[in-house]
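Take a look at the structure set out below.
Note that these values count all heavy atoms, side chains included, but never hydrogens, waters or copies made by symmetry.
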Amino acid sequence: MRDLLRHPTGLAGAILLAVVLLAALFGSFLAPHDPQLFHPATRLQGPSASFWLGTDQFGRDLFSRILNGARTTVAFGVSATLLGVGFGAMIGITAGVVGGWIDSLIMRLVDGLLAVPDLLFTLLIVTVLGGGAGHALLAVAVAFTPGMARISRSAVLSVRTREFVQAAVARGESRAYIIGAEVLPNALGPLIVEATIRVSFAIMLGATLGFLGLGAQPPSTEWGLMIAEARQYMFRNPWCVAAPGAAIAIAALGFNLFGDALRDLIDPRGRR
Amino acid sequence: MNAGYLARRLLSVLVVLWIVSATVFGITQILPGNAAVMILGEYATPDQLKALELQLGLDRPWWAQYLSWIQGILSGDWGISMRLSVPVSALIAEAFWRSLALAAAALVAVTLIAIPMGVVAAMKRGTWGDLVISLFAYLGTCVPEFVTATILLVFLAAPERQFFPAGGYTPPGESLPGFLYHMVLPALTLCLILTAHIARQVRSEMSDVLASDYIRAARLKGLSEFTVIRRHALRNAMAPAVAVISLDIGYLLGGIIVVEEVFAWPGLGRLMIYALQNRDLPVIQATTLVLAGVYALSNLISDIVIAALDPRVRYA
């Protein structure tokens, strides 16, 4: 951990991440105003002493809304990624461990699915499921699955031929033991790195879906949705769109920088 | 590059396309809430559903439906849009060229900006110019397209400034300057994001190459810095960069969907969002297939370019 903080990217990532996580955990207590309360007399105001980031088209306090939305956004990104990693790891590890034609079949399918860009894939799934935050979450998770399957499979393959796994096979350990106790812990590193970076993509995808009206629904304080709702008024008060936009960028940047630093730490050569 | 390699890659593109077609078909037809429900909505009566299912042939087994659908796609009959009552192929053809123009403009601009940027960052590694470029690159990967687009709109299309139109489209046949004028902001949005990504990649590849022994050898031979960079370093750094650019076409395709929507550019992305919002099934299927096909093809082309740039690559 100390090595991570000595790294300039790691430090920057950790700071941003800490801010975002604090906002996600305590944002609703710290918010100076009720995020849903209308202040009709002070609509579309710029930043002031009582409204730190200004107000939106209904006079709602932007700062409070952003603090409130942090939890939705972070929870969305983390749980979508965790679900995707879970699905993907199950598929990838199965493929890597079983091998043979099952492996080839699964990986051909995964390659085919990877040929559909993330956003396109997510949009398709949302169409089938219908919009809404829960469905958007599931869609992002499913869209992440093929990529995570590929990564966990290659992690498993790189571990599989190592001596300690062969030793376990020679000792006559059961397959479940070998996977659970020997392969998985050693294949975990790349998975964690990839997952951390993916959280930032999940946050951006979630915001994009919210923006397109296919994710969180009003009066949610989801940041993408905030931008979509304020778009008509953006020329009258740019803060309506700039503030949530910056919030999305900070959250995504935090996870991305932190993940990059983690990668450098685990594999100094593998920096891309 | 030999014919066998090409044939193998071409075959794999076909396999990928087949899988995508099966996925698109599967997602839109087999999952709960079949086409009839998607069209009529949740509140349709069972009789209405039954009638539409018969009309669409949804009562047949799924493989028969898939076969007739694929047959239609292959023979150019892409169905009729359910909302617009126009042949889907006509809609796609029109939208495709508009999207292609936008994507091409963005891609050309990106290549011209990002590669020199990355090279400079790698050569001046550790200076604050490098820092600015790296920072810009990080920001570019962490700001979603719709945010960039909205911010650009606020700065460049606000009513009191109006440097560029806030959205819309003029056919090039009607007025070429108008066409280009409308293209600036959407292309710029795509460009900003891709530049960030590609410059970062070129920088990292270039720094590796510049630290290698053959570059030291070329410098020791007394070649000028320009020759070292252009003849020796750039060529070796380009193959991975091309790989990234081709991956970025995936980003570009995703980005174009959002950007077209924000700027009301009537291309494939906007058509797709329209179809999604209106549950226009044949249009959803066609736009997805076309976008995935373009992506698969661009991957193929980039593999060929990489093989041509780097004789070591043969991908057995």
Measuring from [X]:[atom1] to [Y]:[atom2], what's the distance to the nearest 0.5 Å?
{"X": "B/F146", "Y": "A/I248", "atom1": "CZ", "atom2": "CD1", "result": "4.0 Å"}
{"X": "B/M272", "Y": "A/L120", "atom1": "CE", "atom2": "CG", "result": "4.0 Å"}
{"X": "B/I256", "Y": "A/L119", "atom1": "CD1", "atom2": "CG", "result": "12.0 Å"}
{"X": "A/F121", "Y": "B/T288", "atom1": "CZ", "atom2": "OG1", "result": "11.0 Å"}
{"X": "B/L276", "Y": "A/L212", "atom1": "CG", "atom2": "CG", "result": "9.0 Å"}

At a heavy-atom separation under 4.5 Å, does B/L17 approach chain A through its side chain, its backbone, both, or neither? neither
Walk me through whether A/M204 and B/V147 qualify under side chain to side chain contact (heavy atoms under 4.5 Å, CB included). CA-CA 10 Å; A/M204 293 196 285; B/V147 175; over 6 Å; no
Report the C-alpha distance between B/V143 and A/L253 in whole Å, list the side-chain angles of each, state the deciding distance to 0.1 Å, and finish with yes or no for side chain to side chain contact (heavy atoms under 4.5 Å, CB included). CA-CA 8 Å; B/V143 181; A/L253 200 60; over 6 Å; no
Need one label for A/F201: side chain, backbone, both or neither, based on atoms under 4.5 Å from any heavy atom in chain B. side chain
Looking at [options], which has the largest count of heavy-atom pairs under 4.5 Å with chain B?
{"options": "A/V241, A/I250, A/I227", "value": "A/I227"}
{"options": "A/T122, A/D118, A/L257", "value": "A/L257"}
{"options": "A/G213, A/A207, A/P238", "value": "A/A207"}

Which atom of A/A242 lies closest to which atom of B/I151, heavy atoms considered: CA-CD1, 4.1 Å
Note: B/C142 and A/A252 closest approach over all heavy atoms is O-CB, 3.5 Å
Partner chain A: residue of B/V258, B/T287, B/L253, B/V154 with the largest heavy-atom pair count (under 4.5 Å): B/V154
Can you tell if the side chain of B/V262 reaches within under 4.5 Å of the side chain of A/F211, non-hydrogen atoms only? yes
